[in-house]
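The structure under discussion appears below in the form of structure tokens.
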Amino acid sequence: MPMLGHIVKGNSAYLKLDVIFTSHNLTRIKDRHWNSVGGVGEISSGARDIRIQGPLRINLSKLRKDGAVTRSSAKRFKNEASSSNPRAEAPSSDPDVEVPSNRSQVGLTDKELQTAKYLHELLSHHVRSYGTGFLIEETSMTLWYCDRMGLVQSESFDIFKAPEYLVLVLAALAKAPVGALGFCPFLNFPSPESYSLEDTSLTLPDAVDEDGVSLGEPVTFNVEVTSSRKLINNPGAIGRGTVVVPVKTVRESKELFGDKDHVVKIAWQQKTRTAEDYFVRMIRKAMHKNDTARQYLKHIVEIKCSLTKSMADMELPRALMLGVSLADGEEERVWRILVMEEYMPVEMLDSVEEFKEVFKGVLQGHHWAWEVAEVLHRDISINNVMFYRGAAPDWQVIGVLCDWDLAQKKCLPGPDQFYEVAQNATLPEGERQKQAAEAPEDSVVTSIEAAASVQTPDHEAQNSEELRRRQARHRTGTGPFMAIDLLQDPEPGTRAPCHEYRHDLESFFYVIVWFTAGFRPETHAVKAIADWYQPRLSTIRLFKKQFITDDESWKSVFRRADPSCGPIIKDWVWRLRSLFLGHHVASLSALHSQCLTMTETDHEDSIKKAEEQRRLEASARHLITVETFIQCISTT
């Protein structure tokens, strides 16, 4: 039912909406939460300007219909505005999301931006795939739809000249079933009049097990959201929209997976990106076959079952909007579900000694996944290092590396291949053309192009030029934990830096720094490093370089560290800082050599300079290895 002028609470917003749609009777309730809202509406009686505080951290694709509004699906839309900056979010960021910084970038008026903000909040709560709303300005009404791939805005219509459309919209929003309001269709609510997760179950219709084999029948879990087991939403409308739902096994799911606490991870992944469960199966099979790696298998997340659905399978309205194109840089997404046992975040550890045990195990699991399965994680962060406890009476902590959804199969060229490209660039034009004509099809340039692609069962998509182009311009990781090399903005028209194994090691270093600087054992909390919690990657890069090279910046990070973290800061962190400082200095020497090579006109001298550049680059890379890293943390 539609209600007017109600305040709606949320984790990050407290807004008064002009209109909200819900099945609940709101007359007895003063405030509502975003979890209870089915649709939103904004009404403006004049041209009064409303100032919106702060940037809207979503990618907005303003798609307008060319013709008049009809009752059927939109036939023709055009892309009127989209943002172009790569993602630069804080710890919960989504690497597939672009972040506009102001209204001018997204081409929206204040009232339009307010409506978009409501949809942003709507999709940041509960378990939703899309949200709907409207905007009325004077007598002009526009319909709004937002899913994980963008925002769609209809052409406006006059509510007095076309009142049948207004009646149709209000009736549809007020009487729509729960699934038609964008909630997860696999949720079984106790009543059609309620969106509450209390007494709600989740049924997966055709999931596959840990080996990729169909379970053969639907599997059901009870949703269990409590004060200690909370629903976790990744704030934001556009992108993966990851939600982690705490569940309990029942009936057939208990027979299959036991009676431990489980979680269901739901996300809208890019269709061309290899599924996380595919990588985890590959890693676990490879490690199980290797006698040495097998002992570290416990440090790799174990997926009980999984499920993938297209937007057509999920009956998203976008699938019926014929002719609606995606914004530049966006691509179709698919709905992916993973079910796994519930692991605990590192803030729930009881001591620094337990953290050291967890960290060492995860580091070994990561290394052997690379060694035997040739899969690189590429998103090491404090949130992806988790743990569980073994059996009584010891209750030993066991670290687990989670979230492999940004992983990539090893297919990157080595230092020599990069060098050959750089060296070739110093040759005279005629010699370059000659070598290019004589080069085989699988030459270095082809290898570098292939390095940007992903290993995916969809081989047709994997080999497409469009996919390689798209992958080449994106960096992966979570800002505060990304390696300094990856935080540097690439020049226009150039590829983003290749993500190498040493970059994951550097991210592990920042995990240690983040934990030891902010761990509070009494309250089981880990405070953020404010300087690293920035919306722009280039700003994070500046603060990290200062942390590595400047003693005062180093001291400021650990100024409020808990005394129990003193020994690990002195031993682990100090030694690792020296290691990465040495790498940073060596990298600067290589960059200086490269600049000299670029300005050299004599061919023989340029070759010599390139040889020196090659040596310095190799030296910088060889400083950061799993062996040198382990040496720094094996003293205590």
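Heavy atoms only: backbone and side chains are in, while hydrogens, waters and symmetry mates are out. As the structure is a computational prediction, the values presented were derived from the model and not from experiment.
- E342 and R229 are joined by a salt bridge, as a carboxylate oxygen and a charged side-chain nitrogen come within less than 4.0 angstrom of each other.
- Between the side chain of N290 and the main chain of T292, a donor-acceptor pair closer than 3.5 Å is present.
- A tilted orientation is assigned to the rings of F558 and F547, their planes being inclined by 30° to 60°.
- The pair R273-E331 fails the salt-bridge criterion, with no side-chain N (NZ, NE, NH1 or NH2) lying under 4.0 Å from an Asp/Glu carboxylate O.
- Considering all non-hydrogen atoms of both residues, M386 and V358 come closest at O-CG1, 3.8 Å.
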With salt bridge (Lys or Arg N to Asp or Glu O under 4.0 Å) as the criterion, how do R284 and D211 come out once you've worked through the C-alpha distance, each side chain's angles and the decisive distance to 0.1 Å? CA-CA 10 Å; R284 292 187 64 86; D211 296 318; over 6 Å; no
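- Heavy atoms from other residues, nucleotides or ligands lying under 6.0 Å from NE2 of H524 number more than 12.
- Within the 4.5 Å cutoff, the side chain of F257 has no heavy atoms near those of the E341 side chain.
- Relative orientation of the F515 and F355 rings is parallel, given thresholds of 30° and 60° on the angle between their planes.
- Side chains of D403 and H377: a donor-acceptor N/O pair is absent below 3.5 angstrom, by distance only.
- Aromatic pair Y296/H367: centroids not less than 6.0 angstrom apart.
- Q269 and R336 share no donor-acceptor pair across their side chains, judged by distance under 3.5 Å alone.
- Put simply, the side chain of H366 never gets that close to the backbone of L363: no donor and acceptor are under 3.5 Å apart.
- Donor-acceptor pairing under 3.5 Å is lacking for the side chains of S381 and N383.
- Salt bridge annotation for R389-D350: present, with a cationic side-chain nitrogen under 4.0 angstrom from a carboxylate oxygen.
- No more than 12 heavy atoms of other residues, nucleotides or ligands sit less than 6.0 Å from atom NZ of K527.
- Side-chain atoms of K544 come within 3.5 Å of backbone N or O of P480 as a donor-acceptor pair.
- Formation of a donor-acceptor pair under 3.5 Å by the T249 side chain with backbone atoms of G258 is found in this model.
- Taking the six-membered ring for Trp and thresholds of 30 and 60 degrees, W532 and W514 have ring planes inclined between 30 and 60 degrees apart.
- Tested against V339 for a side-chain contact (heavy atoms from CB on, under 4.5 Å), the candidates L204, D277, I303, L256 yield a single pass: L204.
- Using modelled atom types, no side-chain atom of R541 and backbone atom of L487 make a donor-acceptor pair closer than 3.5 Å.
- Taking the six-membered ring where the residue is Trp, H262 and F221 present tilted rings, their angle falling between 30° and 60°.
- With S507 contributing its side chain and F481 its backbone, the two residues share a donor-acceptor pair below 3.5 Å.
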